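Data first, discussion second: the structure below is written as structure tokens.
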Amino acid sequence: MSALKIYNTLSREKEHFEPITPDHVGMYVCGPTVYSDVHLGNCRTFISFDIIYRYLLFLGHKVRYVRNITDAGHLEGDRDEGDDKFTKKARLEQVEPMEIVQRYTVGFHKVMELFNNLPPTIEPTATGHIMEQIKMAQEIIANGYAYVVDGTVYFDVEKYNKEKPYGILTNRKLEDLLEGTRELGGQDEKKGRLDFALWIKAGPEHLMQWPSPWGMGFPGWHIECSAMSEKYLGKQFDIHGGGMDLAATHHTNEIAQSQACYHVSPVKYWMHTNMLTVNGVRMSKSAGNGFLPEELFSGSHPLLEKAYAPVNVRFFMLQTHYRSTLDFSNEALQAAEKGLKRLWDAYETLTGFVPEQSSTGHDIDPELEAKVLKLVNEFDEHMNDDFNTAKVLASMFELVPVINSIKDKTIALTALSADTLTWMQSRFKNYLEDVFGLKAVNEADNKKLQGVMQLLIDIRKGAKEKKDFATSDKIRNQLSELGIALKDEKGGEMSWSIESP
RNA sequence: GGUCCUGUGGCCGAGUGGCUAGGCUCAGCUCUGCAAAAGCUGCUACAGCGGUUCGAAUCCGCUCGGGACCUCCA
């Protein structure tokens, strides 16, 4: 089996993945700022990293997966001025900032669960780590890379850049970055145009503030991730992830802070997921083209033609590589919905095969056997190539006709060896359920319903034998109106499934 | 202006220089009381122009188009 390769933003190439501590992986992913609902674009990132987390577990690593909740210190603009997002929203709704935080944290967790994302192993909050952030700012000051102006602590980018390349993550030169920045105004207290705040002095209007060596204030946005990743994963850890939009500023500053504080580069592999777009334009709150997960699940958004189940959306995202932009459209989503149904039906069929009944030797079709083995073994290859879920799915889809042909007895079950069949069954389960986190769109595990359905199937079978098509059609048509599809299989059997909403 | 990404068949999308990804749609056939599903077959594309090569969607150059980041957003 090939070894896992990960595309590292830092080196701009795929690198062999070797954990700093063998079999143990530390992964930090930038989580949401909980001042409003997460939209579908945000979800894409968390779904991508959920797959990555699951695959690392599948490979046998012990993974510490840290994903923060930003519940303080994220300003409206990055000019280190104005209200923080929580204060603004709280004032608007006349509630406590922590009520805002609570509401959207709960909502975020609910959405993550609906998408079948596993929870991270640690989910730290910024407000819970004020002390750590203050301490880190103090050390950076002591090391000479930050300065205090009237109760606010700034990171000295230009000084840092003399020793370490500040723009290393996105391959930018300091001069180029300076060009894109506005001139310092007369009222600015920063020394350099690119300097950013580690700690910000609070005015009386700020509802969230804490005591510090520099007076009352609150942490800058970037320092929380540096402080919390160090606390739980150490000064150097394996993977740091987030959306691509965070690389240029947030992650660039994280690297600078950690370097200035601990004199080491904090992260071995930087991973960035690409954006979700609508009509080619990035989905974002400011563009007003964001879909809320609930709008998607209920189909209530004006741009949606129908409702889409969370698992279909998850599958839709898996058909694209995480580093490619993914364009959202009804057509694409409906195609994904049909594709998942086809794949999942085949998976359930496959699960129903009993390998003991298959061949022990002479009936085996060597060509088919080789084809199946090749495709099944490719799953790992594709995932090891920077988590290429789209290619794994393509390999699976190529196996669907084989599975369906065995079901229809066009291909004998004994054409495959018992070992191969068992292997295929376990790999499908491993990938579809464990790694991809997919599940049946509509679980029909209700025992009573199954009994009722069996009864209807028996009656319909009897009617068909008597060529009483009026009765048999009535059963199928009325079930169809209820959203239950009944299908005649080859050999007189019948199957049923609950239709998508 | 700077740093990058990108342009693939009706749509969505994967693609490590040579071996037609895959999904959806569409058409035909088979199966079938009908329906649905399924199976088989067909639709064989890589923005344009040059270059490197025995051979390029894949490498290089130029042109044109789209997008992201450099200002809050995963």
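Below, chains carry the letters A, B, ... as their sequence lines are ordered, and counting in each starts from 1. Note that the coordinates shown come from a computational prediction; the quantities given were computed from them, not determined experimentally.
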Residue-phosphate contact under 4.0 Å: [X] side-chain N/O, [N] OP1/OP2:
X	N	answer
Lys391(A)	rG13(B)	no
Arg323(A)	rU6(B)	no
Arg342(A)	rA38(B)	yes
Asn477(A)	rA35(B)	no
Thr277(A)	rA68(B)	no
Asn388(A)	rA14(B)	no
Arg476(A)	rA36(B)	no

Side chain of [X], heavy atoms from C-beta onward: which of [options] has the nearest atom to it?
X	options	value
Lys487(A)	rA37(B), rC69(B), rG33(B)	rA37(B)
Asp245(A)	rA36(B), rG39(B), rA74(B)	rA74(B)
Glu398(A)	rC69(B), rG22(B), rA14(B)	rG22(B)
Ala394(A)	rC12(B), rC40(B), rG22(B)	rG22(B)
Arg172(A)	rU25(B), rA74(B), rC69(B)	rC69(B)
Lys464(A)	rC70(B), rU3(B), rG33(B)	rG33(B)
Pro401(A)	rG39(B), rA74(B), rG2(B)	rG39(B)
Arg460(A)	rA74(B), rC70(B), rG33(B)	rG33(B)
Met283(A)	rA74(B), rC4(B), rG39(B)	rA74(B)

For [N] and [M], measure between their [atom1] atoms and round to the nearest Å.
N	M	atom1	result
rG39(B)	rC5(B)	C1'	41 Å
rA47(B)	rA37(B)	C1'	40 Å
rA56(B)	rC19(B)	C1'	15 Å
rC70(B)	rU20(B)	C1'	42 Å
rA21(B)	rC62(B)	P	30 Å
rG33(B)	rC24(B)	C1'	30 Å
rA45(B)	rU3(B)	C1'	32 Å
rG22(B)	rC54(B)	C1'	31 Å

Exercise. Is the base of rC34(B) touched by the side chain of Asp488(A) through a donor-acceptor pair closer than 3.5 angstrom?
Worked result: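 It does, because a donor-acceptor pair links the side chain of Asp488(A) to the base of rC34(B) below 3.5 Å.
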Whole-Å distance separating the [atom1] atom of [X] from the [atom2] atom of [N]:
X	N	atom1	atom2	answer
Leu368(A)	rG39(B)	CG	P	14 Å
Asn253(A)	rU71(B)	CG	P	11 Å
His251(A)	rC69(B)	NE2	P	15 Å
Tyr322(A)	rG13(B)	OH	C1'	17 Å
Tyr308(A)	rC24(B)	OH	C1'	12 Å
Leu177(A)	rG1(B)	CG	P	17 Å
Leu393(A)	rG15(B)	CG	P	13 Å
Arg12(A)	rA68(B)	CZ	P	21 Å

So does [Y] get a backbone contact from the side chain of [X], meaning a donor-acceptor N/O pair under 3.5 Å?
X	Y	result
Asn477(A)	Asp473(A)	yes
Asp408(A)	Thr410(A)	no
Arg44(A)	Thr273(A)	no
Lys487(A)	Ser495(A)	no
Asp386(A)	Tyr7(A)	yes
Ser324(A)	Thr320(A)	no
Asn289(A)	Arg282(A)	yes

Problem set entry | side chain to side chain contact (heavy atoms under 4.5 Å, CB included) partners for Ser497(A), two or more places apart |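 Ser497(A): side chain to side chain contact (heavy atoms under 4.5 Å, CB included) contacts with Lys341(A), Ala485(A).
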Under 4.0 Å, heavy atoms only, any strand: does [X] hit a base, just the sugar-phosphate, or nothing?
X	answer
His39(A)	base
Leu276(A)	base
Ser495(A)	nothing
Phe469(A)	base
Met275(A)	base
Thr273(A)	nothing
Gly242(A)	sugar-phosphate
Ala485(A)	nothing

Exercise. Dot-bracket for RNA chain B: what is it, with Watson-Crick or G-U pairs under 3.5 Å, [ ] where a pair crosses earlier ones, and | for a pair to another strand?
Worked result: (((((((..(((.....[...))).(((((.......)))))....(((((..]....))))))))))))....
For this session: Report yes or no: is the cationic atom of Arg67(A) (NZ for Lys, CZ for Arg) closer than 6.0 Å to the six-membered ring centre of Phe46(A), at no more than 45° off its axis?
Result: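 Positive - Arg67(A) is close enough to the ring of Phe46(A) and near enough to its axis.
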Exercise. For Tyr308(A), is the NZ or CZ atom of Lys306(A) found under 6.0 angstrom from the centre of its six-membered ring and inside 45 degrees of the ring axis?
Worked result: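 Yes, cation above the ring, under 6.0 Å and within 45°.
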Exercise. On RNA chain B, nearest-nucleotide positions of Thr410(A) versus Gly243(A): which is more 5'?
Worked result: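 Looking at the nearest nucleotide for each, Thr410(A) comes out on the 5' side.
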Exercise. Considering heavy-atom distances to RNA chain B, does Asp473(A) or Cys30(A) have its closest nucleotide positioned more toward the 5' end?
Worked result: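 With Asp473(A) and Cys30(A) compared, the 5'-side residue is Asp473(A).
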For this session: Would you please indicate if the ring centroids of Phe297(A) and Phe115(A) are separated by under 6.0 Å?
Result: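 Phe297(A) vs Phe115(A): aromatic centres under 6.0 Å.
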